[in-house]
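Reading through the structure tokens given below for one structure.
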Amino acid sequence: MNKALRHTLPLALLLASTGLVQAQQQCGGDLATFLEGVQTEAIAAGTPPEIAARALAGAAIDQKVLSRDRSQGVFRQTFLEFSGRTVSQARLDIGRQKIKQFADVFARAEQEYGVPAGVIAAFWAMETDFGAVQGDFNTRNALVTLAHDCRRPELFRPQLLSLIKMVEHGDLDPASNTGAWAGEIGQVQMLPKDIIEFGIDGDGDGHVNVKQSSPDAILTAAKFIQHLGFKRGEPWIQEVTIPETLPFDKSGLGGAMTAGEWFALGVQPRDGDTGFSALPASLVLPQGRKGPAFITYPNFNIYLEWNQSFIYTTSAAYFATRFGGAPAYQKGNPEPGLDVDQMAALQTKLQGLGHDVGKIDGILGAGTRVAVQKEQQRVGIPADGWPTPALLNAL
């Protein structure tokens, strides 16, 4: 998934730290001049001139990358649809085999970084099907394209400079390395800057090769997840059953209640474990109060750092619990939702009522969920954040 928006140095900070002239930081224009500026910056950061030159030799703009960047896909599927497709029995079976195959590596990941095997295995599965589908875009050209493009150069130029560092370390061949269109590399799809900062040589060959080496990918992911704030020994998500009456207006991410307070209201963990009652917790209802229900804990935040899509993150977190022995969630019987045109019509109405729903795109994003919840409460519908035809008709 595209994680290019996270953990990148602001351009101003990069300029201040290198002392380079502003002209060398500009995007666009003649590609050769642009690459010369990148090369100069890499050399100033300590890369030998011949390495910087080799890393950028033959670099070219990839129009397919620009096309993908301009038309990024968004999740139009519901949680039941997306998780049902991604958390498949085949992936669970392969994941369990991988956890057994690399048992020593996963044990090290948990011992040193506090990250359970299932958390890593779920990302490994969802990102690349355990390394089988890593992307076929030339990584160097993808990052040159996005850094040269003037839409988000401050995000991608640091990634291009980090890729040059990977070349310097002997961990990447710029001419042949392939990955995702936005520059992510390897079995868990990480950006070069994160690989440089958190890369671990898991197989002892003296290199960090997250593309070919599963031990390197597993341990690098574990260290990165720890950096994102994962707390050892704490849960991340827990399936629950809920009573028909609750203060649904307090549901949704970012709530101010503890798990114990939710339990006291009749929310019950399916696994019976109430040992984390004191932790802050949110009641998450991806398809409303009649669909699957989960309590999320602070560790869930690392999923949001990994990918900002609510549907992806909830699916990945649930996937990880399956590797830990949790059963398949109870689907329930969610109320019918809205199609794209109906959702756009709802967003238009919500915007007219003064809510910030962002772009009118027919997608149930975070802003739309918050607005839906507020309007549900106002018109007397249980405020579970799931938009239905009844709400659309009521507004």
Side-chain angles (χ1 to χ4, degrees), residues 1-4 6-7 51 54-55 91-143 159-228 230 302 306-307 316 319-320 323:
M1 313 303 291
N2 181 8
K3 298 177 282 291
R6 60 170 201 218
H7 306 296
I51 299 294
R54 181 168 70 85
R91 280 180 164 178
L92 286 166
D93 291 343
I94 295 171
R96 290 172 182 134
Q97 293 169 7
K98 294 289 187 182
I99 290 172
K100 183 177 181 180
Q101 178 184 354
F102 296 104
D104 291 346
V105 181
F106 279 112
R108 180 182 166 189
E110 185 156 15
Q111 179 181 357
E112 295 186 11
Y113 305 109
V115 183
V119 173
I120 302 167
F123 282 129
W124 195 6
M126 293 186 69
E127 293 290 346
T128 67
D129 262 336
F130 304 101
V133 185
Q134 298 187 34
D136 57 3
F137 289 86
N138 178 275
T139 304
R140 188 266 317 279
N141 289 350
L143 290 174
Q159 300 298 340
L160 179 56
L161 291 166
S162 292
L163 179 136
I164 294 172
K165 278 294 181 186
M166 291 183 68
V167 175
E168 180 183 346
H169 295 167
D171 296 338
L172 183 143
D173 177 4
S176 63
N177 192 89
T178 55
W181 68 266
E184 297 97 339
I185 302 168
Q187 298 186 29
V188 290
Q189 297 286 274
M190 293 179 65
L191 288 160
K193 186 173 179 293
D194 294 328
I195 296 170
I196 287 292
E197 189 169 352
F198 305 105
I200 299 293
D201 173 16
D203 56 18
D205 68 352
H207 294 282
V208 176
N209 187 338
V210 295
K211 190 173 175 67
Q212 278 85 30
S213 172
S214 294
D216 290 10
I218 291 166
L219 291 173
T220 298
K223 186 175 182 181
F224 179 64
I225 290 167
Q226 180 197 52
H227 160 76
L228 293 180
F230 194 90
I302 72 105
W306 188 283
N307 188 298
F319 200 166
F323 286 123

Check: [Y] main-chain N/O paired with [X] side-chain donor or acceptor under 3.5 Å:
| X | Y | answer |
| --- | --- | --- |
| Glu197 | Asp194 | no |
| Asp216 | Gly202 | yes |
| Arg140 | Ala55 | yes |
| Asp201 | Gly206 | yes |
| Lys211 | Thr178 | yes |
| Asn138 | Asn141 | yes |

What distance separates [X] [atom1] from [Y] [atom2], expressed to the nearest 0.5 Å?
| X | Y | atom1 | atom2 | value |
| --- | --- | --- | --- | --- |
| Ser162 | Leu172 | OG | CG | 11.5 Å |
| Gln212 | Asp203 | CD | CG | 10.5 Å |
| Lys165 | Ile51 | NZ | CD1 | 10.5 Å |
| Lys193 | Leu160 | NZ | CG | 14.0 Å |
| Ile225 | Ile120 | CD1 | CD1 | 5.5 Å |
| Gln159 | Ile195 | CD | CD1 | 9.0 Å |

Kindly determine whether Ile185 and Met166 satisfy side chain to side chain contact (heavy atoms under 4.5 Å, CB included), including the steps that lead there.
-> CA-CA 11 Å; Ile185 302 168; Met166 291 183 68; 4.2 Å; yes

Write down the atom of [X], the atom of [Y], and the distance for their closest heavy-atom approach.
| X | Y | answer |
| --- | --- | --- |
| Phe319 | Ala125 | CE1-CB, 3.7 Å |
| Ser214 | Phe102 | CB-CZ, 3.5 Å |
| Ala320 | Val119 | CB-CA, 3.8 Å |
| Ala142 | Gly183 | CB-N, 4.5 Å |
| Ile302 | Phe123 | CD1-CE1, 4.1 Å |
| Glu112 | Gln226 | O-NE2, 3.8 Å |

With side chain to side chain contact (heavy atoms under 4.5 Å, CB included) as the test, would you mind laying out the steps for Glu168 and Ile164 before giving the verdict?
-> CA-CA 6 Å; Glu168 180 183 346; Ile164 294 172; 5.7 Å; no

May I ask you to test the [X]-[Y] pair for a side-chain heavy-atom distance under 4.5 Å?
| X | Y | answer |
| --- | --- | --- |
| Met190 | Thr220 | yes |
| Val188 | Val210 | no |
| Trp306 | Phe224 | yes |

Over 60° means perpendicular and under 30° means parallel, so classify the ring planes of Phe106 and Trp124, tilted if in between.
->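 The rings of Trp124 and Phe106 sit tilted, inter-plane angle from 30° to 60°.
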
Return yes when atom CG of Asp93 has more than 12 non-hydrogen atoms of other residues, nucleotides or ligands closer than 6.0 Å, and no otherwise.
->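 Enclosed: over 12 neighbouring heavy atoms sit under 6.0 Å from CG of Asp93.
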
Exceeds 12 heavy-atom contacts within 6.0 angstrom, atom CD of Gln111 =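 At most 12 heavy atoms, drawn from other residues, nucleotides or ligands, come within 6.0 Å of this atom.
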
I would like to know whether Val105 and Arg108 meet side chain to side chain contact (heavy atoms under 4.5 Å, CB included); could you show each step before the answer?
-> CA-CA 5 Å; Val105 181; Arg108 180 182 166 189; 5.7 Å; no

Under the side chain to side chain contact (heavy atoms under 4.5 Å, CB included) rule, what do Phe130 and Gln187 come out as? Steps first, then yes or no, please.
-> CA-CA 6 Å; Phe130 304 101; Gln187 298 186 29; over 6 Å; no

So, Gln189 versus Thr128: side-chain donor-acceptor pair below 3.5 Å or not?
->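 Checked: Gln189/Thr128 side chains show no N/O donor-acceptor pair below 3.5 Å.
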
